[in-house]
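Numbers for residues simply follow the sequence, beginning at 1. Only this structure's heavy atoms are used, side chains among them; waters, hydrogens and symmetry mates stay out.
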Amino acid sequence: MHRLSRRCSSLSTALRHAAAPRRHLALPLLSSISSVGEGDAKTRWYSVLSSEKSGNQQNLKKDLFLGKRYESTVAESAESTSAPSERYEYQAEVSRLMDLIVNSLYSNKEVFLRELISNASDALDKLRFLSVTEPDLLKDAVDFDIRIQADKDNGVITITDTGIGMTRQDLVDCLGTIAQSGTAKFLKALKDSKDAGGDNNLIGEANASSYTIREETDPEKLIPRGTRLTLHLKRDDKGFAHPERIEKLVKNYSQFVSFPIYTWQEKGYTKEVEVDEDPAEAKKDEEDGKTEKKKKTKTVVERYWDWELINETQPIWLRNPKEVSKEDYNEFYKKTFNEYLDPLASSHFTTEGEVEFRSILYVPAFAPTGKDDIINPKTKNIRLYVKRVFISDDFDGELFPRYLSFVKGVVDSNDLPLNVSREILQESRVVRIMRKRLVRKAFDMILGISMSDNREDYEKFWENFGKHLKLGCIEDRENHKRIAPLLRFFSSQSEEELISLDEYVENMKPDQKDIYYIAADSVNSAKNTPFLERLAEKDLEVLFLVDPIDEVAIQNLKSYKEKNFVDISKEDLDLGDKNEEREKEMKQEFGQTYTRDF
């Protein structure tokens, strides 16, 4: 229910202000909205019904905002005398839009709650902004919050916020029209996505062609300020009305919304109660002459219902990195990704410019057990948030290339729409820019591990994720300069300890022009190959490529710091030396004709 101000809220109703197709309602339910407004003479409340069948509504008294405790479960409200209702038809374009949204845009039923909570948060944001210049908007002294109450028996969910409102005329103007010039283009894009084979799993109903608005006169349904949205779930979707399910969805999608979110939860506490005495025992006590005895008690659980705060309003990535301890980062990592070991490294950063986002990235301590397949890029390692609202963790290489799919973290952007789909991610210029910056930060983080004073840290990393970087040599030519310094190999002069390409180059002979390597099944096979003899005589170091992917990776790199990679098993191997004795003989034999140009 919205407190009606004299301006059109672009944020708080079920369909929101239809002028902004960035977020739309696609629900597994029928819905009704109650709105409250300010007239010249008195405050008025209005209800909006999107279907003639409104169903049962919960009795949510206005003093729920005062945090009072209720000792019973949700009850149905008695029928009340209602004011005459006004019926309005949706524009044809609205009906088309709703149909496409329901059938094409969303394929996951869970997102309905995320969308409505985001709408409520926007309404609260707008009220807070307007109250700076219009303090009277806060005269009711009601806290800024969102409250969700579920009636699992009747399949009803009620979402109440204390945000800004809409006038009756605003309801008429905003619910039935789409005031945006790009509507036709948006509709066509959705249709094209559907025709291209998008997921058409139905998650809502879009068969309503009209809605009604009436003044609310039932005092039991009035609230001091804000919006109350009552959702009547379809029969097959009543499972969403379980309090436990609601809590799980809020924590998954809306954990970091900037306003407190309360859910109506059953709680309990233990207490001791007296137990009625057994008559037989009482008679026996009388016969034994016992006049005083200790009363018997038992422990029982007293049940009651109360509001419970279930979200954190300050995500760690929005905090100043200087104020976040390493322990805080590690705890967030383990809690978010269900890990029990601390990560090898973390990176907390903010990017600004044409695209702005905040992120925390982590390098895990170990690769997942039993998942040695580095070909599959689909992971749930990156959690994408838009304006602190969780959007998805189901990616197929959109934010990271598959060779960096082991990197975990969160990304929060204000530049993406909340209803972001895989098609949007694949085509978005914003996402392409984000991907480049995320990849660079990931390399910086890995490079930091390699430069650590504790050499064992990078050895652990290489043991778990070395193959991923080698795959990067094959697939990501653009980042060869970032990948190459991170590679490690055994060599003819370092059979027990891996060395970097930088270490090899530092050990090169003054006149050595190339980096030599030999591919083999193992270090032992490599050091016993006859091809190594000539180079060993000249004390030239040779890299041992003992992993099947090593040779392909090196061949794709081609060179490092202007030094070409050369396979010593090739017949035409040129070590850059000359047979001095043969040269001397030739000079003597052809001395008369030997000339030298200056």
Side-chain angles (χ1 to χ4, degrees), residues 367 372 374 401 403-404 406 443 446-452 454-578:
D372 195 34
I374 64 174
Y403 71 91
L404 290 177
F406 61 88
F443 278 124
I446 297 171
L447 183 62
I449 302 174
S450 71
M451 298 175 66
S452 170
N454 186 356
R455 193 180 179 97
E456 292 181 359
D457 287 345
Y458 197 73
E459 290 176 355
K460 183 187 297 184
F461 167 83
W462 186 256
E463 180 183 354
N464 285 276
F465 306 111
K467 286 185 178 180
H468 290 73
L469 296 186
K470 295 172 186 177
L471 180 63
C473 295
I474 301 170
E475 296 188 339
D476 192 356
R477 183 178 301 275
E478 182 181 345
N479 283 301
H480 276 180
K481 290 184 178 180
R482 293 185 174 89
I483 298 173
L486 303 173
L487 300 177
R488 296 293 185 270
F489 303 97
F490 292 109
S491 76
S492 57
Q493 297 180 10
S494 182
E495 299 176 5
E496 301 293 333
E497 190 172 292
L498 292 164
I499 64 168
S500 67
L501 294 179
D502 283 326
E503 289 172 315
Y504 180 97
V505 171
E506 289 175 3
N507 293 333
M508 289 176 64
K509 302 301 180 183
D511 58 347
Q512 184 179 341
K513 298 179 180 179
D514 300 314
I515 300 174
Y516 301 110
Y517 71 87
I518 182 69
D521 295 334
S522 64
V523 171
N524 189 56
S525 298
K527 71 180 183 181
N528 290 316
T529 180
F531 298 109
L532 194 62
E533 294 177 0
R534 287 180 58 196
L535 290 94
E537 290 175 359
K538 296 182 175 296
D539 196 28
L540 295 175
E541 188 172 17
V542 179
L543 296 177
F544 292 166
L545 309 188
V546 296
D547 194 316
I549 197 176
D550 285 352
E551 187 172 15
V552 183
I554 288 296
Q555 289 172 350
N556 275 271
L557 282 181
K558 295 182 180 179
S559 65
Y560 182 69
K561 291 187 175 180
E562 299 181 351
K563 308 290 185 182
N564 293 326
F565 290 103
V566 175
D567 184 355
I568 67 171
S569 66
K570 302 298 183 183
E571 293 183 1
D572 58 348
L573 176 65
D574 180 9
L575 297 181
D577 60 340
K578 295 182 179 181

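Taking the side-chain hydrogen bond (donor to acceptor under 3.5 Å, both in side chains) definition, one finds that S559 meets it with nothing, sequence neighbours left out. Scored by the ring pair (Phe, Tyr, Trp, His ring centres under 6.0 Å) test, F490 finds no partners at all (sequence neighbours excluded). Residues forming a side-chain hydrogen bond (donor to acceptor under 3.5 Å, both in side chains) with S492 (at least two apart in sequence, or on another chain): none. Residues passing the side-chain hydrogen bond (donor to acceptor under 3.5 Å, both in side chains) test with S450: none are found, sequence neighbours excluded. Taking I499 as the reference, S491, S494, E503, Y504, E541, L543 meet the side-chain contact (heavy atoms from CB on, under 4.5 Å) condition, with sequence neighbours excluded. Residues forming a salt bridge (Lys or Arg N to Asp or Glu O under 4.0 Å) with D521 (at least two apart in sequence, or on another chain): none. Every residue two or more places apart in sequence or in another chain that forms a salt bridge (Lys or Arg N to Asp or Glu O under 4.0 Å) with K509 is listed here: D539. Taking E456 as the reference, N454, E459 meet the side-chain contact (heavy atoms from CB on, under 4.5 Å) condition, with sequence neighbours excluded. Applying the side-chain hydrogen bond (donor to acceptor under 3.5 Å, both in side chains) criterion to T529, with sequence neighbours excluded, gives no partner residue. Contacts of K561 classified as salt bridge (Lys or Arg N to Asp or Glu O under 4.0 Å), with partners at least two apart in sequence or in another chain: D502. Applying the salt bridge (Lys or Arg N to Asp or Glu O under 4.0 Å) rule to E463 yields no partners; only residues at least two apart in sequence or on another chain are considered.
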Could you go through the side chain to side chain contact (heavy atoms under 4.5 Å, CB included) check for F461 and F406 one step at a time?
CA-CA 11 Å; F461 167 83; F406 61 88; 3.8 Å; yes
Evaluate the side chain to side chain contact (heavy atoms under 4.5 Å, CB included) criterion for residues L557 and L487: first the C-alpha distance (whole Å), next the side-chain angles of each, then the deciding distance (0.1 Å), finally the verdict.
CA-CA 11 Å; L557 282 181; L487 300 177; 3.5 Å; yes
Determine, stepwise, if the pair V546 / F489 fulfils side chain to side chain contact (heavy atoms under 4.5 Å, CB included).
CA-CA 8 Å; V546 296; F489 303 97; over 6 Å; no
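Screening residues 476-495 for salt bridge (Lys or Arg N to Asp or Glu O under 4.0 Å) gives E495-K527 as the qualifying pairs, with residues at least two apart or on separate chains.
Residues D567 and I518 form a side-chain contact, since some pair of their non-hydrogen atoms from C-beta on lies under 4.5 Å apart. When side chains are defined from C-beta on, I554 does not count as touching I515, because their heavy atoms never get closer than 4.5 Å. Side-chain atoms of I474 and I549, non-hydrogen and from C-beta on, do get closer than 4.5 Å to each other. Between Y517 and E551 there is a side-chain heavy-atom pair separated by less than 4.5 Å. In this structure the side chain of L573 reaches within 4.5 angstrom of the side chain of Y516, judged on heavy atoms.
Interatomic distance, E533 CD to N528 CG, rounded to the nearest 0.5 Å: 10.0 Å. Between the OH atom in Y403 and the CG atom in N479 there is a gap of 4.5 Å [rounded to 0.5 Å]. Rounding to the nearest 0.5 angstrom, the gap separating the CD1 atom in I449 from the CZ atom in R455 is 14.5 Å.
Residues H480 and P485 come closest through the heavy atom pair O-CD, 4.5 Å. The shortest heavy-atom contact between L540 and Q512 is CD2-OE1, 3.5 Å. For the pair L532 and F544, the tightest heavy-atom approach, listed with the atom from each and the gap, is CD2-CZ, 4.2 Å.
Ring orientation note: the planes of F465 and H468 are nearly perpendicular, at an angle over 60° on the 30°/60° scale.
Of the possible polar contacts, one joining the N464 side chain to the A367 backbone as a donor-acceptor pair under 3.5 Å is found.
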